Amino acid sequence: MSEANVFEPKIVAYVCNWCTYLGADLAGTTRLEYPPNVRIIRLPCTGRIDFNLIIKGFEIGADAVLVSGCHPGDCHYTAGNYHARRRWILFRELLDVLGFDLRRIHFTWISAAEGKKWQQVITEITEETRKLGPYTDLYANGSAKNLPAAAPAPFKTKTLAPEPELREHCHKLLAEGTVKVVIGYGERGPAVVTRAEDTGRLVWTNRCCSNLTTYLKRKEIKALGKPAVVVKPCDEKSLVVLEKESQIERKDIHVIGMACEGVGEPKCTFCTARTPRFADKTFGEPTGPETPASPPPNRFAALMAMTPRERMAFWATQFDRCVKCYACRQVCPLCYCERCIVDKNRPIAIDPAPSRKGNFAWQIARAFHLAARCVGCGECSRACPAGIDLALLNIALHKAAQDNFGYDAGVDPAAEAVLGAYSLQDKEDFIG
Amino acid sequence: MSEVISQAALRTLTAEWIAAGKQVAGPTRVKPDLILYSQLHSADALLLEGFVRPSNSIKEFVFPKQEKLYGYRIQGNSVELVEDDAPFPEQIVIAARPCDAAALPILDKVFNWDFVDEFYNRRRAATTVITLACNIADETCFCTSVGLGPVSERGSDVMLFDIGEHNYEVYCVTEKGRALFSGKTEKSGQTVRATAAPEKKFNPETIRSFVTEHFEDPFWQEHALTCVGCGTCAFTCPTCHCFDIVDAGPAAGNARVRTWDSCQFPIFTAHASGHNPRPGQASRQRQRMLHKFAIYPEKFGEILCTGCGNCTRNCPEGIGVLSVAMEIDPIETKHG
């Protein structure tokens with residue numbers, strides 16, 4: 001074999017300035033030899049290593065990525081590495097669901113004194129990656145399998161019993177000036193009512209799909225004054241997260257809760273929430289959790305039963321349909337940034353083209369920004385005009401938050417948020 | 001006497017086109033609850049009946065969601081441009097809806113107006129459109145309100161009409177269309193076309209005068225309150241054609257790409273200074289209606305809407321042209 005044909009892996013290493021970078025430096029000054037395949041990118045702290053960088057590394061042709069920082073307890077900024085560790089726990093799960101080859105993503109703690117360990121780690125990763133070969137599976141077509149899907153059940157729209165009481169209540173709220181605006185449902189979709197005499201437009205049917213709490217962030221709605229918002233038990237969870245993140249003052253919002261048995265959407269099949277818990281006023285008779293007569297196929301389990309290569313091919317097929325209309329972002333009550341990272345162009349962080357690469361980058365950013373925050377209202381999947389199973393990514397992260405931190409976003413207002421906090425006991429079995 | 005083709009023969013013909021290396025696109029069921037126009041790799045995937053219309057439009061075959069304009073490489077201080085003028089393969093869109101086909105002559109005018117767009121024209125010239133007349137309409141269809149209908153030939157090279165029992169009457173509108181079907185059809189005497197037209201839902205002239213005369217009307221403010229500001233309406237519209245030009249790939253160079261853009265996004269009009277002349281969703285919703293019913297008609301003499309209803313059908317919050325137009329001109333209440 002000629003020398004030109006020998007595969008030399010490219011490894012991108014994101015390292016912290018205070019420990020690993022100095023460790024690598026020490027390896028150099030003590031004349032320890034290690035493979036030249038690694039490209040070091042120095043950042044202030046592992047806590048500042050954005051998850052997008054891992055993706056970027058692969059996008060520009062890395063065959064493996066290493067993230068390395070100070071040992072627990074050694075962080076120059078006290079706790080940056082603890083925060084990073086939490087983020088990686090969740091991010092690895094997302095990458096796994098997307099079908100990334102986890103054997104190519106490495107995490108280590110290397111201190112400034114561990115020149116020897118740096119030499120070892122780089123040698124091992126280089127050898128391992130050489131064996132794996134070039135990362136040609138990244139965003140590759142493969143043979144994409146379909147997930148099992150139940151045919152949509154015929155659904156008849158019907159007006160539900162509490163509709164008149166709801167209208168009456170909203171009329172009273174507006175007439176008495178308790179609130180300035182009611183965000184409810186109308187005949188064609190959401191309805192925003194500001195005059196008591198217009199409350200007749202409000203409906204309550206089994207097709208009231210939208211999560212109306214997404215309107216609370218909109219400046220046009222905020223300008224109208226104190227709102228009342230109609231929520232289903234699933235939608236209500238987003239209020240819990242919004243309050244936790246200081247986006248709303250609960251006392252400034254009148255919450256009208258509706259007992260719900262599902263709105264005929266696939267998203268409702270697994271939902272067991274039937275009664276709002278924190279509403280100022282609740283309508284409808286709460287009914288117990290129902291088990292569907294014939295439970296639909298568990299799409300998440302089917303996805304995880306595939307090989308990583310098949311999963312990536314599955315997502316490639318799905319994301320190829322994405323047109324970047326950003327309906328997933330716009331309907332999400334928890335996507336409230338005034339300027340989304342994908343709309344920033346100085347510099348461009350995420351490839352704005354709806355190419356496969358650009359779509360992966362966008363969907364990874366969207367999903368991970370909702371990690372341990374998404375309440376599972378399923379609006380992203382419902383809104384997607386390309387029918388992409390976006391909720392599967394959220395389900396993966398929700399499950400990861402539950403399994404690793406016992407956290408269920410939007411359920412317990414007193415529970416400590418997963419990201420932004422840390423525990424010394426967080427698992428690190430994946431960190432070398 | 002009319003020309004007739006059976007569904008089976010049409011499928012065989014489609015398979016022949018695919019085998020001959022032509023790019024064939026048509027309605028396919030991508031999920032139990034989703035039908036999209038997509039590239040056909042097998043004639044079996046072609047869906048011909050039992051649905052109103054796909055959720056996307058055929059514009060993506062002449063004006064793709066992302067299109068490479070040229071490649072470039074940066075080395076030191078030099079920039080090298082890499083042009084790509086490979087001929088575009090022959091393309092057939094089969095079973096398009098009349099509201100999709102009618103959008104192509106509308107797009108032609110824009111892409112050949114003050115600037116002749118070679119990328120669009122290259123694809124357009126290579127494309128033949130076979131339209132399947134509608135025999136089903138839903139409450140969101142409104143082609144008849146904008147001067148079209150279930151059998152409109154506009155923009156089509158061939159028209160297919162369902163005549164029952166899995167047979168189609170073939171009517172070739174252009175030579176390009178005739179070339180595809182010559183010798184492939186049979187003669188038949190009695191044919192009854194099954195068609196279905198939606199009722200007229202508003203008068204476009206009323207919309208035009210409203211949008212031009214009520215620029216500052218509080219209607220826009222009120223109506224736009226439920227708009228969440230996504231681009232679903234524009235991106236699934238057969239006639240919306242705004243685009244952005246972006247650099248895709250690493251900074252050292254890759255490609256300059258044209259991508260779809262939507263007037264519903266705040267950054268569509270954001271100035272570098274931070275000022276935004278369309279500051280809220282109200283002005284963006286108004287713009288979309290203005291463009292469709294006043295600005296484009298003023299320039300090109302027709303409405304920038306074919307009444308397919310996609311914007312309303314796909315809008316997560318049920319808005320779109322139809323909902324707005326029916327609020328402005330609710331024919332049903334005025335005329336009984």
Side-chain angles (χ1 to χ4, degrees), chain A residues 56 59-61 146-147 149-152 181 183 186-192 194 209-210 212 214-215 218-221 223-224 266 317-318 320-332 338-340 343-345 347-348 351-355 357-358 379 382-387 389, chain B residues 30-36 38 55-56 60 64-68 221-236 244 246-252 254-255 257-260 262 264-267 270 272 279-282 310 312-320 322-323 326:
Chain A
K56 275 264 181 274
E59 275 182 9
I60 58 171
N146 272 328
L147 289 182
V181 51
I183 309 165
E187 203 57 59
R188 287 176 178 278
V192 177
T194 51
C209 299
S210 305
L212 301 176
T214 194
Y215 289 105
R218 297 201 67 83
K219 63 173 195 250
E220 290 94 339
I221 301 280
L224 296 173
T317 319
Q318 297 262 317
D320 280 355
R321 299 203 297 263
C322 175
V323 290
K324 288 210 169 160
C325 68
Y326 301 119
C328 46
R329 173 185 75 190
Q330 295 305 106
V331 296
C332 178
E338 277 195 16
R339 190 154 190 186
C340 175
D343 287 340
K344 291 184 178 161
N345 50 9
I348 289 173
D351 198 338
S355 58
K357 181 169 69 111
E379 279 288 275
R382 183 185 71 85
C384 180
D389 268 314
Chain B
V30 296
K31 279 175 74 173
D33 53 354
L34 181 72
I35 295 161
L36 294 176
S38 20
S55 296
N56 59 347
E60 66 182 70
K65 63 178 177 176
Q66 60 143 0
E67 180 166 41
K68 185 172 161 186
Q221 209 66 44
E222 209 165 289
H223 145 78
L225 283 173
T226 55
C227 175
V228 292
C230 70
T232 307
C233 46
F235 289 0
T236 60
D244 192 6
V246 299
D247 287 329
N254 199 328
V257 174
R258 159 157 82 187
T259 63
W260 290 349
S262 162
Q264 300 308 303
F265 296 148
I267 57 163
Q281 219 50 40
N310 257 5
T312 299
R313 217 175 274 118
N314 290 322
C315 174
E317 316 302 9
I319 311 173
L322 181 63
S323 299
M326 284 175 73

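All values derive from a computational prediction rather than experimental measurement. Every chain is numbered from 1, with letters handed out A, B, ... down the list of sequences.
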Can you tell me how far the CD atom of B:Gln66 sits from the NZ atom of A:Lys324, to the nearest 0.5 Å? 9.0 Å

Those residues that, when tested against A:Arg321, pass salt bridge (charged side-chain N to carboxylate O under 4.0 Å, His left out) (two or more places apart): none

Please identify each residue that fulfils salt bridge (charged side-chain N to carboxylate O under 4.0 Å, His left out) with A:Glu59, with sequence neighbours left out. A:Lys56

Given a strict heavy-atom distance threshold of 4.5 Å, which part of [X] is in contact with chain B: side chain, backbone, both, or neither?
X        : result
A:Arg188 : both
A:Cys332 : neither
A:Tyr326 : both
A:Leu224 : side chain

Check each atom of [X] against the heavy atoms of chain A and say whether the ones under 4.5 Å are side chain, backbone, both or neither.
X        : result
B:Leu225 : both
B:Ser262 : neither
B:Asn310 : neither
B:Glu222 : side chain
B:Lys65  : both

So does B:Gly280 get a backbone contact from the side chain of A:Glu220, meaning a donor-acceptor N/O pair under 3.5 Å? no

Can you check whether A:Pro190's main-chain N or O pairs, donor with acceptor, with B:Glu317's side chain at less than 3.5 Å? no

Within the 4.5 Å heavy-atom criterion, are B:Glu60 and A:Val323 side-chain neighbours or not? no

Steps toward side-chain contact (heavy atoms from CB on, under 4.5 Å) verdict (A:Gln330, B:Gln264): CA-CA 11 Å; A:Gln330 295 305 106; B:Gln264 300 308 303; over 6 Å; no

Interface check, chain B: of A:Pro352, A:Gly189, A:Cys325, most non-hydrogen pairs under 4.5 Å belong to A:Cys325

Closest non-hydrogen atoms of B:Cys230 and A:Ala327, given as atom of the first, atom of the second and distance, are CB-CA, 3.4 Å

